[in-house]
Amino acid sequence: MIALRRVLRDTDPREVHARAVDGTAAERRVRPMRFRASRQAQWDMEERSGHASLATPPAAAFEGWDGSIAGARALQARLSARVSLQDDAASPPRVIAGFDVGFEDGGETTRAAAVLLDADSGQVLHARIARLPTSMPYVPGLLSFRELPALLEALAQLPLRPDLAFVDGQGIAHPRRLGIAAHFGVVAGLPCIGVAKKILAGTPDGELPDVRGARVPLRHRGEQVGWLLRSKPRCLPLVVSPGHRVSMETAVEMTMRQVGRYRLPEPTRQADALASRRPGATLL
DNA sequence: GCGACAG
DNA sequence: ATCTTGTCGC
């Protein structure tokens with residue numbers, strides 16, 4: 001944490017971001033960022049108290065991380081070895097969960113939503129929201145370092161653990177096979193599936209028919225890392241990939257099974273509504 | 001070196 | 001992700 005904090009403090013955040021993303025070409029087309037103020041406020045707070053306090057993520061999630069961008073990537077490579085693609089979930093799962101993250105105060109606060117539903121009826125059983133000060137900028141490929149702490153906090157607030165969790169983002173369909181859903185699954189020890197709206201890494205293996213339920217493998221460096229799933233006709237396909245303790249096949253099956261009349265499966269749709277404060281949310 | 005890049 | 005109005009299609 002210290003190293004990254006120094007890097008961010010001693011350099012213009014926009015430069016750090018550009019360098020982290022691709023190192024060269026992007027250095028010239030720096031993108032606007034709005035978390036400079038929030039970072040500054042946090043540093044001030046941390047320096048007064050002498051430690052990172054709330055910004056410190058659960059130890060197990062980032063154990064061994066030196067706080068650097070390179071260190072984050074190295075940790076992902078290490079943790080990805082712990083991902084299991086063996087179907088482990090209670091079959092059929094009775095209680096499933098949806099997780100998503102949103103931001104407040106122009107990005108200063110990270111808000112995570114966790115929703116528990118009955119796998120069969122789709123009935124919302126419980127819903128919780130957790131808030132933590134934002135501690136990381138968004139860096140493609142390192143999303144979990146920004147959103148995982150809040151997600152784990154929301155999970156901790158649930159009255160019971162789900163048999164299967166759906167997380168907004170990639171599972172193993174990631175450059176180092178550790179998208180936020182896989183990171184979350186490994187750290188929490190939960191069967192988990194990643195449901196993203198866009199591809200991060202990989203290429204669709206063929207054309208995707210515009211028919212509900214149609215799917216095509218997503219492959220990266222010669223291996224299948226997930227699927228492109230047409231959850232609804234005339235809608236952009238979802239990017240589904242196993243996160244942890246779920247097989248490639250089960251990942252799509254379970255996801256499609258939870259899709260109702262909307263594009264997103266019910267668990268993530270509910271979590272999305274809560275996290276982004278959109279109507280249609282059920283708070284219990 | 002260039003372009004792509006979850007939320 | 002977030003900032004925002006209208007608009008096309010089922």
Side-chain angles (χ1 to χ4, degrees), chain A residues 17-38 69 72-73 76 80 98-113 129 131-151 154 166-185 192-204 210-212 218 220-221 225-243 251 255 261-264 268-269 271-278:
Chain A
H17 186 234
R19 286 208 305 262
V21 174
D22 60 20
T24 54
E27 289 187 9
R28 272 165 278 163
R29 52 133 217 253
V30 175
R31 291 176 237 175
M33 307 233 303
R34 64 161 74 86
F35 46 79
R36 193 197 220 310
S38 56
I69 295 295
R73 297 196 174 111
Q76 291 182 320
S80 66
F99 291 88
D100 192 22
V101 172
F103 297 86
E104 306 175 348
D105 315 319
E108 290 179 34
T109 301
T110 300
R111 172 186 54 230
I129 288 182
R131 290 185 171 77
L132 288 180
T134 302
S135 61
M136 277 276 294
Y138 164 68
V139 178
L142 301 183
L143 181 68
S144 61
F145 289 77
R146 173 176 165 82
E147 305 186 344
L148 193 52
L151 238 34
F166 289 80
V167 177
D168 209 287
Q170 314 293 347
I172 62 171
H174 175 280
R176 289 164 294 282
R177 306 290 182 272
L178 196 82
I180 190 167
H183 197 160
F184 177 84
C192 188
I193 294 173
V195 179
K197 302 176 193 65
K198 291 188 289 188
I199 293 174
L200 169 63
T203 310
D210 190 26
V211 177
R212 178 190 155 93
L218 173 67
H220 181 62
R221 294 178 188 171
V225 293
W227 309 83
L228 246 68
L229 174 66
R230 187 79 72 183
S231 56
K232 180 179 180 180
R234 298 187 177 189
C235 275
L236 291 173
L238 297 178
V239 183
V240 179
S241 62
T255 299
R261 55 174 297 198
Y262 304 101
R263 178 165 90 118
L264 296 176
T268 47
R269 201 178 76 78
D272 195 85
L274 269 187
S276 58
R277 320 230 77 176
R278 301 293 301 175

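Chain A is the first sequence line, chain B the second, and so forth, proteins listed ahead of strands; every chain is numbered from 1. Worth knowing before you read on, the calculation uses all heavy atoms, side chains too, and leaves out hydrogens, waters and symmetry mates.
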Interatomic distance where CG belongs to A:L200 and C1' belongs to B:dA4 [whole Å]: 9 Å
Phosphate-side-chain proximity, A:K198 and B:dA4, N/O vs OP1/OP2 below 4.0 Å: no
Spacing of A:L143 atom CG relative to B:dG7 atom P, expressed in whole Å: 8 Å
For nucleotides 6-9 of chain C, give me every protein contact, N/O to N/O, under 3.5 Å, one pair per line with atom names.
unit_1 : atom_1 : unit_2 : atom_2 : d
C:dG9  : O3'    : A:R234 : NH1    : 2.9

Sugar-phosphate only, base, or nothing, as touched by A:G141 at under 4.0 Å among non-hydrogen atoms: base
Intra- and inter-strand pairs of DNA chain B in dot-bracket (Watson-Crick or G-U wobble, both distances under 3.5 Å; | for another strand): .......
Sugar-phosphate, base or nothing in reach of A:I199, heavy atoms under 4.0 Å: sugar-phosphate
Pairs meeting criterion salt bridge (charged side-chain N to carboxylate O under 4.0 Å, His left out) with involvement of residues 168-183 of chain A, two or more places apart: A:D168-A:K197, A:R177-A:E223
Under 3.5 Å: donor-acceptor pair, side chain of A:D210, backbone of A:R234: yes
Residues which pass side-chain hydrogen bond (donor to acceptor under 3.5 Å, both in side chains) with A:H183, listed by chain and number, not counting sequence neighbours: A:S144
Check: A:H174 side chain, A:A201 main-chain N or O, donor-acceptor pair, under 3.5 Å: no
Value in whole Å for how far the P atom of B:dC5 lies from CZ of A:R146: 19 Å
B:dG7 base stacked by A:Y138 (centroids within less than 5.5 Å, tilt under 30°): yes
Listed partners of A:R131 passing side-chain hydrogen bond (donor to acceptor under 3.5 Å, both in side chains), at least two apart: A:E104
Atom pair CG (A:L200) and CG (A:L143), whose distance is rounded to the nearest 0.5 Å: 9.0 Å
Atom-pair distance (CD1 on A:I172; C1' on B:dA6), nearest Å: 15 Å
A:S135 OG to A:E147 CD distance, which is reported to the nearest 0.5 Å: 10.5 Å
Any donor-acceptor N/O pair, A:R230 side chain to A:C235 backbone, under 3.5 Å: yes
Rounded distance (nearest 0.5 Å) linking atom CD of A:Q76 with atom CG of A:L142: 5.0 Å
Heavy-atom closest contact (A:G171 atom, A:A181 atom, distance): CA-CB, 3.7 Å
A:L264 CG to B:dA6 P, straight-line distance once rounded to whole Å: 16 Å
Whole-Å gap separating C1' (B:dG7) and CZ (A:F99): 17 Å
Length of the CG-C1' vector between A:L238 and B:dG7, whole Å: 15 Å
Considering all heavy atoms, the nearest A:F166-A:T268 contact: CB-CG2, 3.8 Å
Atom-pair distance (CG on A:L151; P on B:dG7), nearest Å: 13 Å
Whether A:T134 side chain and A:G107 backbone form a donor-acceptor pair below 3.5 Å: yes
Sugar-phosphate only, base, or nothing, as touched by A:G102 at under 4.0 Å among non-hydrogen atoms: sugar-phosphate
Secondary-structure string, 5' to 3', Watson-Crick or G-U under 3.5 Å, | for another-strand partners, for DNA chain C: ..........
